[in-house]
Structures are given as structure tokens and as C-alpha cells.
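This report refers to the structure that appears directly beneath it.
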Amino acid sequence: MTVLLFASIAEAAGARRIELPVAAGDTVAAVRERLLADRPALRRFVPTLMYAVNEEYVRDDAAVPDGATLALIPPVSGG
Amino acid sequence: MTVLLFASIAEAAGARRIELPVAAGDTVAAVRERLLADRPALRRFVPTLMYAVNEEYVRDDAAVPDGATLALIPPVSGG
Amino acid sequence: MLVRVTADELRADEAIAAVASPAAGAIDLFLGVVRDNNLGRRVGHLVYEAYPSMAEKVMAEIGAEAKERFGLEACAILHRTGRLEIGETSLLIAISSAHRASAFEGGRWLVDTIKKKVPVWKKEVWEDGEAWIEGPESLGMQQAPAGLTG
Amino acid sequence: MLVRVTADELRADEAIAAVASPAAGAIDLFLGVVRDNNLGRRVGHLVYEAYPSMAEKVMAEIGAEAKERFGLEACAILHRTGRLEIGETSLLIAISSAHRASAFEGGRWLVDTIKKKVPVWKKEVWEDGEAWIEGPESLGMQQAPAGLTG
């Protein structure tokens, strides 16, 4: 699966796109924890992160289907 | 003095500008009555008319100085 | 402050440029547009008449009051006169402000106040007649023709 | 409905044309503009980043909801990305409506909702540093930099 990162968290990760394996029954939170395991510096972003699966906002207990795109969305500030 | 007419009352009067003599101490109402004396068909506009002397809104008891321009202003409908 | 009564087409870009300010974070623009119906009547076109010199004076006063009241950076008010077809812009206002709340509130107040105070009148022309539309806003009345003809 | 995330300059005339309708009596336009200061800091320029495909999808959903909620004729939402200088337009919305009350109310609601929901982020760049500005509207927090650098 593909994880997309934006703005502050992308800058901190040094990456805008990370490919990760996904297991059957994975939730957004499970994928996030797998990602953070290798990148502990990103944990400070978690309290304000929002998530989108295939471009729909979801909560972190939502399922992540195989082949999905998960976006880690810092608080937005457009306009 | 000069009396300016606009919109419905100008159309009804067949004139947009009428010159009238003004007497010392004349009020807007006095000038209006002098104008209506010759044009009774215009009396129906009086209940909703507003007035401006030299481009300032005034009440009909305001004085009309010599050489002033009095405008008879039907309810406005710009925008 | 840009205020103008004109028979020429109103251009949004000109109004936006007139209110540009480095301290402005928000610009609100309002266009009054000729629509094809009013109170169930099919409108063919409108004719706007103004007392131009007084209209510009009143517009400048209203603009200055809006700046003061809402803390605006700048505002522009333009009104068109003459014959206007469906879809054409009769009134164009632009205001700039540091923040959007005052931009929207100031814009709304400006339009409401212009409609009450600026000496401009419109005539509706239908297929089978015409009438001056007078007083809907300045008298707080229902919008109704002053005298039907034709 | 015109919705677009683009690195190109936003043009008011295009947005106005996109919402034209014979039944519209009012068009409200809102421009979010880069201003030279924020919370007392002197701003040099901004950089906007978006999740473009999702941003356009969310903008279309918000636009459809605004049309329904306020009975609008049409709306257009454009957001710019990349580097923007002071005075440039980052957000452009246009809405058309039969009457002005719904045009202003719909415009206000659209801008508020876009700022809460559309995945776009801005970075402030000052003379001596920069920071992503995150969360002021979506979290209802005070607007404060997420992490200062430089």
C-alpha cells in the first residue's frame, strides 16, 4: 500500500510517499504504528493528524483495504 | 433656482429640470407646492418623495438658499 | 477610494486592483446582476437612471463609513447606468480587509446601505410594458412597481 | 461546478463567468490574499502545498453542499499552490444566487468550510525562518506555527 505524507510531517520524514506492506484486517492505526516503528521522530505529529483512505476522511479505526492509499493529513491551513 | 426630477416623477412631469423663482425664507415644502400648483398630476408622488438640496438629503422643512439645486428623489432602487 | 457612476461596463479586475493592499488578507467582491425575472414577471432588460454627482458623493460617504465601522483597508463602489441586459452587472463593490469576517460583514453592510441611500433608480422593461421599481429598500416596502404603464 | 487546484494565477473573471446564470441577481466573490504580516510576524512569502486530487474532491463536495444549503445557482472554488508573493490570491470562490442574502451567507460558509476541510497547507517564510501553519481552523486552535525552524 501507499502512504502519502504532506507539509510538516512530510518535511520531518524526508519523504512524501512511503510504500508499506498491508496485512488482512489492518486498520489505519495499525499501518500508522508500523510506519512510526522505524521513524519515532514522527510520533509528535500523531495528536493532530487526520487520515484519508482513498481520498475520504476516516477515523484511525477504519479498515485499510489492500492496495489502498492512506494519507496522513496534518491540520489543514488552506484559504 | 433649479429643481431636478428623476425616474417616475420626471417621466410624469415630462421634464428632468425645471427653473423656478425662490423667495427669501423658502423651504423645500414651499418650493414643492409652487411646482405642484401648475402640475397637479405630480401630487401622487409626494407621499414617498425625498429631497436633496445641493446634493445633501434634507427634510421638507429645510431652507432653500438662493441659487440652490433642489432634487425631488423618488424612493431609490439602485444595486 | 474608487467611486464611479458610469454607462460603461463594470470590470471586476479594476475594482480588485483598486482595493489592493499589502495588509489585506481578504477581498470580498459583490456584483449586482440583472436577472431574468422579478416577482414572477419575466424581465426583458433594465434601465438604470442616476443623479450622478450626488450618487458619487453618497457612495463616497457610505464607503468612508464602512471603512471606519468595519476597519477595512479599502473599498470601491461602482454603479452602472443606462440599458442593461440580463446577466450584466449593475453594481460592483470591492472591499479589502485584514480578515475575512470584516470583509464579508462590511460587504453586506455596504450593499444594503447603497440600496437604501444612493440616488439611483431602475426601470423594469417586460415584453408588454415597463415600470420604475421604486422604494423596495429605501422605504422598507414590498418591492412593487410605482406605476404600471403599457 | 468549477473546482481547481492549480499552480497558475487565479483569475476573478474566469470564476465570475463560471457562475453566470440568467436567474442570478447576485454574485459574491471572495479572494484569500497573501498579506504581509501574521500575528505580528513580517511575512516574506507563502508556500502552499495540497493533496490535489483529494482537495478537488472535497471542494466539489463542499460546493454541492453549499448549493443545496443556501439555494445557490452555482459556485466555483479555486485554490492556488506553490510560492505566492504578498498580494497574490491563494483562494478564489465565486457564488451566484437569486438574492444577495444567500450569496453573502453562502460565500461565508464556503470559505469557513474550505478552511476546515480541504487538504491544503501553507508555510510562512520570514526573513529569518519558516514554519508550516497548521490547524488554526481545522482544530479550532489559535493560529500558531507547528514547528519553528531557522
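Small disclaimer: the values here were computed from a predicted structure and weren't measured.
- Defined by atom type and a distance below 3.5 Å, a donor-acceptor pair is missing between the side-chain atoms of B/S77 and C/E134.
- Using a cut-off of 4.0 Å between Lys/Arg side-chain N and Asp/Glu carboxylate O, C/R69 and C/E105 are scored as not salt-bridged.
- Taking non-hydrogen atoms and a 4.5 Å limit, the residue list of residues 76-98 of chain C in contact with chain B, ordered by number, reads C/H79, C/S90, C/L91.
- Looking at residues two or more places apart in sequence or on another chain, you find a salt bridge (charged side-chain N to carboxylate O under 4.0 Å, His left out) between C/K123 and B/E11, C/E130.
- Contact annotation for C/A55: neither backbone nor side-chain heavy atoms come within less than 4.5 Å of a heavy atom of chain B.
- The pair B/R34-B/D26 meets the salt-bridge criterion, since a charged nitrogen lies less than 4.0 angstrom from a carboxylate oxygen.
- Look at C/E61 and C/K117 and you find no salt bridge, because none of the NZ, NE, NH1 or NH2 atoms lies under 4.0 Å from a carboxylate O.
- With a 4.5 angstrom heavy-atom cutoff, C/V111 does not touch chain B via any of its atoms.
- Between the OG1 atom in B/T27 and the OH atom in B/Y51 there is a gap of 10.0 Å [rounded to 0.5 Å].
- The parts of C/Y51 that come within reach of chain B are both its backbone and its side chain, each placing non-hydrogen atoms under 4.5 angstrom from that chain.
- The aromatic ring centres of B/F6 and C/W121 sit less than 6.0 Å apart.
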